[in-house]
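Naming convention: chains lettered A, B, ... in sequence-line order (proteins, then strands); numbering from 1 in each chain.
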Number of protein chains: 2
Amino acid sequence: MPEPLTHSPETPQTIAESGRSDDRCRDTRTRLLVAAGPVFAARGYDGATVRDICSAAGVNIASVGYHFGDKLGLYRNVIQDVRLSRAERFPAPNTDVEDPQRTLHALVKTLLARMLTAEDSEWETELLMRELQSPTPEFENIVEEFFRPLFEQLVETISLLAKTDLPEQTLQQLAFSTVGQCLYYRVGARAIGVLIPEQQRRLHYGIDSLSRHITTVMLAAIENTSSMQHYIEHADH
Amino acid sequence: MPEPLTHSPETPQTIAESGRSDDRCRDTRTRLLVAAGPVFAARGYDGATVRDICSAAGVNIASVGYHFGDKLGLYRNVIQDVRLSRAERFPAPNTDVEDPQRTLHALVKTLLARMLTAEDSEWETELLMRELQSPTPEFENIVEEFFRPLFEQLVETISLLAKTDLPEQTLQQLAFSTVGQCLYYRVGARAIGVLIPEQQRRLHYGIDSLSRHITTVMLAAIENTSSMQHYIEHADH
DNA sequence: AGCTGTTTAAAACAATCGTTTAAATTCTCG
DNA sequence: CGAGAATTTAAACGATTGTTTTAAACAGCT
């Protein structure tokens, strides 16, 4: 029976608990993890084949079964690595109760940076976007661990900015308005590429310019929401 | 040689040009078109299987090969039908220069309706969203015929609402902020479903409630953008 | 009716998918 | 060194994919 972890794909490997510095094992394991991310991002979970991943990693096809149980196990580990990687690469700012405006701007900047940064970590964003449209069994965990913290910090910051007490659902909608604007410059990037000439795009669609714009929009909206939400209600007739 | 259009999948069928009222043929052809849309939308082009589509249409597996040449030929016809269908189902409102606020609200409502309407045409939106993430050669046409008219009308309406003259790129960014907020309630719908309990969602995330919220946000932003965009510029230090 | 061309039906095609097997190899450690 | 566990290898499994084939059923026309 040479199947050490067929029934426990969660546990990395048996010898890990012995504390050994498993050279060989860790090698193919990490090579799989490194190679799998971009492939999953480029072709989606279903579209990515284990053969492509293993070929890109330069390992045998059976390795994914041995080290991760199955394809989904590999995917889960990739997602987990993405979470760790992004947490330190794009750290969420601390909430500054003294200067919530700065906090909001920092949050927007973080969101936009995560969306638009085109480094070698570009595939990570693509992977998360794919989860939004074609969720895998990992989706709920991703929302809880990726989105909820930022969302709640956003709600809290907006709450600090509002002069009057706003109902919870209004705070949440304002938070979604913020996230939505940031997300659009990724989701709708291809449409923007058609609508806006490249020359203009280069000038006015950088992270700094956009974060300033979105923050301005939201500050104005927050300030006025509590006092001027009568606009539509009576014009609806 | 019983393969009439293997080399010309664009042409519907040979007898069409003879003007006959091809009952039988047109029947399975349209049944395939009607059934294929939702399947393509739900599972994506690759994920959708010819067998599923034919099973849903109640026709034989070989029919798609006969009528459309191959799977891609069927997909192209589906996309084309979507373009025609949506143009008349969700007409953009006319610009009312006397009441740009009402126009903006109507535009937001149209956008949200296209995004969130859960009729039988729901799959059309899903299909367009998939084109945003994984564009086909049809994508540019879709942007030009669907997005640009609404986008330019949005820019014009915002321009009418602004008290002072705003630079073109500011108007465009404001338009994207509007579209982005609307789009998010579809793109991020699955995330919202995790973040917000269903009970709350039912109450505050309908088209009316959201369009009112987004319009309020944008009216406040437009009104203040020209006079209070100093917020961040000097706080950046 | 009888023939011809068109359309559908059921089966089979080759290719590819994720996964498994069983032997070969490498490594660990007494 | 050499026994035994850990790991990698090559091959094959069964299921499913898009597509094609073969024969049967249907249409319209003389």
Rounded distance (Å) that lies between atom [atom2] of [N] and atom [atom1] of [X]:
X	N	atom1	atom2	value
K71(B)	dT20(D)	NZ	P	14 Å
I53(A)	dG18(C)	CD1	C1'	11 Å
D46(A)	dG18(C)	CG	P	9 Å
R43(A)	dG18(C)	CZ	C1'	15 Å
L74(A)	dT19(C)	CG	P	10 Å
H67(B)	dT6(C)	NE2	P	13 Å
D70(B)	dT20(D)	CG	P	8 Å
F68(A)	dG18(C)	CZ	C1'	16 Å

Side-chain donor-acceptor pairs of residues 38-48 of chain B under 3.5 Å, sequence neighbours excluded:
residue, atom, partner, partner atom, Å
R43(B), NH2, D52(B), OD2, 2.6
Y45(B), OH, L72(B), N, 3.2

Does a side-chain N or O of T28(A) approach OP1 or OP2 of dT8(D) to a distance below 4.0 Å, or not?
yes
Please lay out, stage by stage, how E122(B) and T117(B) fare under the test side-chain contact (heavy atoms from CB on, under 4.5 Å).
CA-CA 6 Å; E122(B) 213 273 344; T117(B) 291; over 6 Å; no
Taking atom [atom1] of [X] and atom [atom2] of [Y], what is their separation to the nearest 0.5 Å?
X	Y	atom1	atom2	result
I142(B)	I79(B)	CD1	CD1	5.0 Å
S211(B)	L107(B)	OG	CG	11.5 Å
N141(B)	E131(B)	CG	CD	10.0 Å

Looking only at side-chain N and O atoms, does R130(A) offer a donor or acceptor that is under 3.5 Å from a partner on S134(A)?
no
Can you tell if the side chain of F176(A) reaches within under 4.5 Å of the side chain of Y205(B), non-hydrogen atoms only?
yes
Name every residue in residues 32-40 of chain B that has at least one heavy atom under 4.0 Å from any atom of DNA chain D, in order of residue number, or write none if there are no such residues.
none
Run the salt bridge (Lys or Arg N to Asp or Glu O under 4.0 Å) test on E140(B) and R190(A) for me, step by step, so that the C-alpha distance in whole Å, both residues' side-chain angles and the decisive distance to 0.1 Å come before the verdict.
CA-CA 9 Å; E140(B) 200 156 330; R190(A) 291 192 173 93; over 6 Å; no
Can you tell me if Q181(B) uses its side chain to pair, donor with acceptor, with the backbone of S177(B) under 3.5 Å?
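Between the backbone of S177(B) and the side chain of Q181(B) there is a qualifying donor-acceptor contact (under 3.5 Å).
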Give each protein N/O atom lying under 3.5 Å from an N/O atom of nucleotides 11-16 of chain D, with the pair distance.
none

